[in-house]
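The block underneath contains the structure these notes are about, expressed in structure tokens.
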Amino acid sequence: MIVGFSAAPNDKPRILYSGEQGQVANNINAYLIDADDVFVESRQKPLCDVPSIGIGNQPIDDGNYLFTKEEMEAFIAKEPAAAKFFKPWYGSQEFINRKPRYCLWLGGCPPNELRKMPLSMERVEKVRAFRLKSKRQSTLKLADLPTHFQTENMPKGNYIVVPEVSSERRRYVPIGYMDNSVLCSNLVKIIPDATLYHFGILTSNVHMAWMRTVCGRLKSDYRYSKDIVYNNFPWPNPTDAQKQTIEQTAQAILDARAKYPDASLADLYDETTMPPELRKAHQANDRAVMAAYGFDTKISEAECVAKLMERYRQLSCRE
């Protein structure tokens, strides 16, 4: 909450409050941190040389291709030939809670096989009819391709998944890997060709501090965006040794999660129930990432963001 502001210069102290504690600031910028006036604008491509991020798949199918586990099993019981065309389907909620829905993906189904599956054909016909009723030209054109989605993003290998919406109560947005046996919806962001190094940076508290400052909100929850959060993020320039350390700490995070195969990411990243070894792995990763930026480990989050914004401005000016 902004308590007071003025358009005219004055000699009165500028004070930032966190709860009841106030701290005198040299300059309070639009993000309510003590830093120079920097404005993070929408950007179509990453500021740094890192893999591109995109949304998952957007069916525009009126729900005809999406199933709960029980619905899928009932469908396959009636039409066994359709089993090989089902894939796990993850949006933000499904990913965080590790409870996938399932998608009947017929985009790669040969026409002769599809015609032998009457229940699947019925779904395709319903999708085509739904799209033909649309007033949007792009959806009307899509009616000619009823087995395909409006947006298709299906990486060939492993890829990083970032939930679009995550609770503000979590210190870390639960980020993870998926393989090409899984389809993701447009309610997550996906990063193909991302390495352990990229995962380590993105899951660090440095990136989370940036995200918490510049992201949008859905109610009070974080809303991760590609054009504001990811594409504008100023990445470090690590040495080979620093990069290797980040890769090791990133793997340690994945290893700590793997010790709890029955726990969801919601369980693992609840501040009350987070396992000690997972927290320690994240803290080690945080230190490794801060070292790559040259940050003191005792730096506050506000000071961290101020330094990131200065780096962002420097990188933007070089373009």
Side-chain angles (χ1 to χ4, degrees), residues 1 3 13-38 40 47-48 50 166-175 196-215 222 224 229-230 232-257 268-315:
M1 179 176 67
V3 178
R14 302 168 178 84
I15 303 176
L16 275 169
Y17 288 91
S18 177
E20 296 182 357
Q21 294 184 341
Q23 183 175 355
V24 176
N26 293 319
N27 181 70
I28 301 176
N29 70 12
Y31 299 96
L32 300 186
I33 61 172
D34 185 2
D36 292 338
D37 292 322
V38 176
V40 178
L47 177 65
C48 300
V50 293
S166 180
S167 171
E168 66 169 347
R169 295 189 299 273
R170 299 187 183 104
R171 184 172 183 82
Y172 303 95
V173 172
I175 295 173
L196 273 174
Y197 165 72
H198 299 118
F199 172 75
I201 296 291
L202 292 174
T203 200
S204 73
N205 199 46
V206 172
H207 184 67
M208 295 299 149
W210 172 266
M211 182 276 301
R212 279 189 282 268
T213 302
V214 305
C215 76
Y222 304 127
Y224 195 100
V229 178
Y230 182 85
N232 284 300
F233 180 62
W235 290 67
N237 292 317
T239 64
D240 290 342
Q242 288 172 335
K243 187 174 182 179
Q244 184 177 15
T245 300
I246 292 170
E247 291 170 345
Q248 292 170 348
T249 56
Q251 184 61 56
I253 291 172
L254 297 176
D255 292 343
R257 290 181 187 176
L268 294 172
Y269 284 87
D270 185 294
E271 283 300 301
T272 304
T273 59
M274 177 182 274
E277 59 267 46
L278 179 58
R279 191 180 297 277
K280 289 180 181 178
H282 268 286
Q283 291 169 343
N285 184 69
D286 291 341
R287 291 192 294 270
V289 172
M290 292 173 81
Y293 279 97
F295 294 168
D296 190 300
T297 55
K298 296 181 180 179
I299 193 173
S300 70
E301 182 162 310
E303 291 170 331
C304 174
V305 174
K307 289 181 178 293
L308 289 174
M309 286 192 168
E310 178 57 32
R311 179 166 174 76
Y312 162 78
R313 178 158 59 182
Q314 293 172 357
L315 292 171

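Predicted model, so just to flag it, every value in this text is computed and none were measured.
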Could you walk me through whether Leu47 and Trp235 pass the side-chain contact (heavy atoms from CB on, under 4.5 Å) test, one step at a time? CA-CA 9 Å; Leu47 177 65; Trp235 290 67; over 6 Å; no
Start with the C-alpha distance between Arg169 and Thr272, add both sets of side-chain angles, then the distance that settles side-chain contact (heavy atoms from CB on, under 4.5 Å), and finish with yes or no. CA-CA 10 Å; Arg169 295 189 299 273; Thr272 304; over 6 Å; no
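Separating the OG1 atom in Thr213 from the CD atom in Glu301 is a distance of 6.0 Å, to the nearest 0.5 Å. Expressed to the nearest 0.5 Å, how far NZ of Lys280 lies from OG1 of Thr249 amounts to 16.0 Å. Here His207 contributes atom NE2 and Asp286 contributes atom CG; the two are 12.5 Å apart, rounded to the nearest 0.5 Å. Taking CH2 of Trp210 as the reference point, atom SG of Cys304 lies at 10.5 Å (rounded to 0.5 Å). In this structure, CG in Leu254 is found 8.5 Å from OG1 in Thr203, a value given to the nearest 0.5 Å. Rounding to the nearest 0.5 Å places SG of Cys48 at 9.5 Å from OH of Tyr230.
At a threshold of 4.5 Å between non-hydrogen side-chain atoms, the residues Leu202 and Tyr224 count as touching. Two residues are said to be in side-chain contact when any heavy atoms from C-beta on lie closer than 4.5 Å; Tyr269 and Leu278 meet this criterion. Residues Ile201 and Pro236 form a side-chain contact, since some pair of their non-hydrogen atoms from C-beta on lies under 4.5 Å apart. Contact of the Val214 side chain with the Met309 side chain is registered, since non-hydrogen atoms from C-beta on lie closer than 4.5 Å.
Scanning all heavy atoms of the two residues, the minimum distance from Val289 to Gly200 falls at CG2-O, 3.8 Å. In terms of heavy-atom proximity, Ala209 sits nearest to Val305 at O-CG2, 3.6 Å. Pairing each heavy atom of Asn285 with each of Ile246, the nearest pair is OD1-O, 3.9 Å. Contact between Tyr197 and Lys243 at its shortest, heavy atoms only, is CD1-CG, 3.6 Å. Nearest approach of Met290 to Asp296, heavy atoms of both residues: CE-O, 3.2 Å.
Of the possible polar contacts, none joining the Arg311 side chain to the Phe233 backbone as a donor-acceptor pair under 3.5 Å is found. Remark: the backbone N or O of Leu196 is not paired with any side-chain donor or acceptor of Gln251 at under 3.5 angstrom. A donor-acceptor pair under 3.5 Å is absent between the side-chain atoms of Arg212 and the main chain of Glu168, judged by distance alone.
In this view, Tyr293 and Phe295 satisfy the ring-ring contact (aromatic ring centres under 6.0 Å, His included) rule, not counting sequence neighbours. Residues passing the ring-ring contact (aromatic ring centres under 6.0 Å, His included) test with Tyr222: none are found, sequence neighbours excluded. Shown here are the salt bridge (charged side-chain N to carboxylate O under 4.0 Å, His left out) partners of Arg279, two or more places apart in sequence or in another chain: Glu271.
Comment: Glu310 engages Arg313 in a salt bridge, judged by a side-chain N to carboxylate O separation of less than 4.0 angstrom.
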